[in-house]
Amino acid sequence: MQERVVIVGGGLAGLAAAVGLAARGCRVTVVEARPRWGGRASSFVDQTTGETIDNCQHVALGCCTNFLHFCRLMQIDSLLQRESQLWFIGPDGRSSDFAASSWLPAPLHLFPAFLRLKYLSTYEKWRLAWGLRALARVDPAKCGTEPFSAWLKRHQQPPTLIERFWHVVLVSALSETLDRIDISHARKVFVDAFLRSHSGWEVWIPRGALHDLYGDQLSKSLVSMGVDLRLRAGVQQLTVADGRVRGVTLRDGQPIEADHVVLAVPHHLAVPLLPANLKDDAGLRRIEQLEDAPISSVHLWFDRVVLPVPHATLVSRVSQWVFARPASAADAKATSGGQYLQVVISASREVDGRPQAEVIQQVVEELAAIWPAVGEATLRHSRIVTEHRAALSVMPGVEALRPPQQTAIPNLQLAGDWTRTGWPSTMEGAVRSGFLAAENILRHCGRPESIVVADLATSWLSKLAFGL
Ligand SMILES: Cc1cc2nc3c(=O)[nH]c(=O)nc-3n(C[C@H](O)[C@H](O)[C@H](O)COP(=O)(O)OP(=O)(O)OC[C@H]3O[C@@H](n4cnc5c(N)ncnc54)[C@H](O)[C@@H]3O)c2cc1C
């Protein structure tokens with residue numbers, strides 16, 4: 001008999017749970033309140049240009065093995081571009097190319113790239129090597145509640161190094177400021193992306209809008225696996241009887257029966273949907289203490305091509321990462337020979353309170369100081385999009401607040417980037433949570449199977465040097 005599973009929420013967590021279960025013979029229905037898939041990783045039509053743009057540029061790293069696996073399963077992996085070269089623009093505007101040595105094993109593969117960073121002194125690079133080594137040796141289980149900013153000071157990291165390196169990498173990766181980052185999460189970024197393997201740091205960027213990535217092809221793949229996909233189908237409540245979830249009731253009153261339910265909605269929306277008998281569960285009550293961080297993206301349409309590189313990381317500026325949309329025939333037509341840029345500002349609390357025009361002007365001036373073509377071009381159109389609940393704040397001690405996927409009700413699973421995955425709130429974290437929820441359901445059905453795929457293999461030298 002096929003188990004009926006209803007998944008509430010069509011973000012990456014819900015979609016990953018769907019593929020994991022449908023591929024193993026479950027009868028899966030995904031109900032999503034909005035008219036599109038992808039949740040927070042979404043696009044919308046800019047009314048002025050008529051172009052489909054993302055709420056914010058999303059990227060994944062090479063160490064995001066489950067997200068990349070999910071994309072392969074959905075046959076959307078060809079819509080991602082692998083970038084093996086980064087450009088860091090120092091405070092003086094000089095560019096430092098960042099790429100791995102092809103012949104040095106991890107963790108030495110990025111050593112020449114770090115040496116080439118023009119905006120760090122030799123002393124700072126030496127302190128950085130020492131800091132990275134100390135961080136890799138931290139036991140994540142014993143991090144306590146010390147903020148990462150305090151750890152950096154305790155490990156004699158100079159202020160300029162903190163501002164130009166640690167801040168730059170972590171704010172982009174974790175969407176939080178250093179005083180609000182748990183040490184274990186900071187460690188995870190550097191270990192998984194930089195130290196463990198040769199390709200963990202590589203950046204995977206969608207070739208087009210997120211709407212293309214999580215659009216028709218994704219739906220086609222899920223439907224071909226027998227998944228019943230329902231958009232504009234918000235869930236009003238879960239139906240519970242005799243200590244088990246019996247299904248869900250949609251906002252239009254329609255009931256859907258289920259043997260298992262996966263609640264894959266954001267944490268602040270999950271709490272009101274939880275059955276009454278779970279509301280006093282001490283573990284689940286901690287969900288209410290979770291906090292979120294905002295991310296802003298500044299969208300700029302210029303009348304000509306202004307950026308000489310596809311993307312760049314900006315050091316010691318309000319603008320953190322700039323992306324030029326890859327030129328496709330459709331884009332070139334829509335932008336009439338111009339260029340569309342997106343500037344990402346993570347943990348954007350400060351800019352969020354300022355007038356938009358002022359922030360846009362500052363961003364354009366920062367870009368023009370680096371690339372004079374920006375100052376010579378005409379800015380045809382601009383806008384800022386801020387997602388206030390973009391990512392879970394990985395505050396010190398956050399892991400104790402994140403619930404596991406399995407709730408006290410055997411046939412009710414939670415999923416979402418905010419549940420306990422060991423990963424920060426990212427597309428990888430979301431996919432992992434969905435796979436973990438699916439694994440729990442299979443276990444209840446007496447068919448235990450591993451769905452989460454392995455991390456990248458640890459190089460022999462990283463094992464030797466850091467005991468990873
Ligand atoms: C601006 C921004 C930039 C980001 N950048 C990156 C990045 O570069 N790299 C990266 O890896 N991650 C990034 N993220 C994070 C990433 O988008 C999320 O971690 C991930 O998409 C979360 O997926 P999820 O499925 O857990 O949750 P969500 O995407 O929030 O999905 C939950 C879904 O549940 C639906 N829902 C809610 N209530 C109901 C209901 N009652 N009934 C039915 N459906 C309901 C919602 O509509 C939503 O579609 C970014 C996020 C934002 C906002």
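Whatever order the structure lists them in is the order used to number ligands and atoms, beginning at 1. Remember, it's a predicted structure, so these values are computed and weren't measured experimentally.
When each atom of ligand 1 is checked for a heavy atom of V8 under 4.0 Å away, the hits are 42 (N), 43 (C). Of all the atoms in ligand 1, the ones that sit under 4.0 Å from a non-hydrogen atom of G9 are 33 (C), 34 (O), 35 (C), 44 (N). Each of the atoms 29 (O), 31 (O), 48 (C), 49 (O) of ligand 1 lies under 4.0 Å from some heavy atom of G39. Atoms of ligand 1 lying under 4.0 Å from at least one heavy atom of I295, given by number and element, are 1 (C), 2 (C), 3 (C), 4 (C).
Shortest non-hydrogen contact noted between V138 and P140 is O-CD, 3.3 Å.
Protein heavy atom nearest atom 23 (O) of ligand 1, with residue, atom name and distance: A430 CB, 3.5 Å. In this structure, the protein non-hydrogen atom closest to atom 12 (N) of ligand 1 is M427 N, 3.5 Å. Nearest to atom 33 (C) of ligand 1 among the protein's heavy atoms is E32 OE1, 3.6 Å. At the top of the distance list for atom 8 (O) of ligand 1, counting protein heavy atoms only, stands V59 N, 2.9 Å. In terms of protein heavy-atom proximity, atom 18 (C) of ligand 1 is closest to D417 OD2, 3.4 Å. The protein heavy-atom contact nearest to atom 32 (C) of ligand 1 is A264 O, 3.4 Å. Nearest protein heavy-atom neighbour of atom 52 (C) of ligand 1: A390 CB, 3.7 Å. Among all non-hydrogen protein atoms, the one lying nearest atom 31 (O) of ligand 1 is G11 CA, 3.4 Å.
Here the shortest heavy-atom distance to atom 36 (N) of ligand 1, taken over V265, L263, V344, belongs to V265. Distances from atom 50 (C) of ligand 1 to the heavy atoms of H58, R36, R40 show the closest one on H58. Scanning A391, G234, A17, S425 for the heavy atom closest to atom 15 (C) of ligand 1 points to S425.
The proximity of E387 to ligand 1, defined as any non-hydrogen pair under 4.0 Å, is limited to the side chain. Under 4.0 angstrom from ligand 1, the non-hydrogen atoms of C56 all belong to its side chain. Using a 4.0 Å cut-off between heavy atoms, R389 makes no contact with ligand 1 at all. Looking at S175 against ligand 1, nothing comes within 4.0 Å, counting heavy atoms. Within the 4.0 Å heavy-atom criterion, the part of V31 lying near ligand 1 is the backbone and not the side chain. Here L269 has side-chain heavy atoms under 4.0 Å from ligand 1, and that is the only part of it that gets that close. Here H268 has no heavy atoms under 4.0 Å from ligand 1, in either its backbone or its side chain.
With salt bridges taken as basic N to acidic carboxylate O contacts below 4.0 Å, one links D228 and R230.
Taking OH of Y340 as the start and CG of D46 as the end, the distance is 8.0 Å to the nearest 0.5 Å. The CZ atom of R40 sits 4.0 Å away from atom CG of D417, with the distance rounded to the nearest 0.5 Å. Residue L178 holds its CG atom at 11.5 Å from CH2 of W151, rounded to the nearest 0.5 Å. A distance of 11.5 Å separates CG of L170 from OG of S346, quoted to the nearest 0.5 Å. To the nearest 0.5 Å, the span separating CZ on R246 from CD on E257 amounts to 9.5 Å. Between F67 atom CZ and E428 atom CD the span is 8.5 Å, to the nearest 0.5 Å.
Close placement of the F114 and F98 rings is indicated, their centers lying within 6.0 Å of each other. Aromatic rings of F190 and F165 (six-membered ring for Trp) have centroids within the 6.0 Å cut-off, being under it.
Below 3.5 Å of separation, one finds no N or O of A60 facing any N or O of ligand 1. Residue T426 places at least one N or O, backbone or side chain, under 3.5 Å from an N or O of ligand 1. For ligand 1, the polar-atom distance check against G416 finds no nitrogen or oxygen pair separated by under 3.5 Å. Annotation: A233 places no N or O atom under 3.5 Å from an N or O atom of ligand 1; distance criterion only.
In summary, the side chains of E163 and S316 do present a donor paired with an acceptor at a separation below 3.5 Å, with no hydrogens or angles considered. In this structure, a donor-acceptor pair under 3.5 Å is present between the side chains of S319 and E366. At a cut-off of 3.5 Å, with distance as the only test, no side-chain donor of N440 or Q405 sits close to an acceptor on the other residue. The closest side-chain donor-acceptor pair between H268 and E288, if any, does not fall under 3.5 angstrom.
Judged by the shortest distance from any of its heavy atoms, R251 lies inside the 4.0 Å radius around the atoms of ligand 1. For the pair G429 and ligand 1, no heavy-atom separation below 4.0 Å is found.
The shortest distance between side-chain heavy atoms of L442 and P448 does not fall below 4.5 Å.
Atom CZ of R232 has 12 or fewer neighbouring heavy atoms from other residues, nucleotides or ligands inside a 6.0 Å radius.
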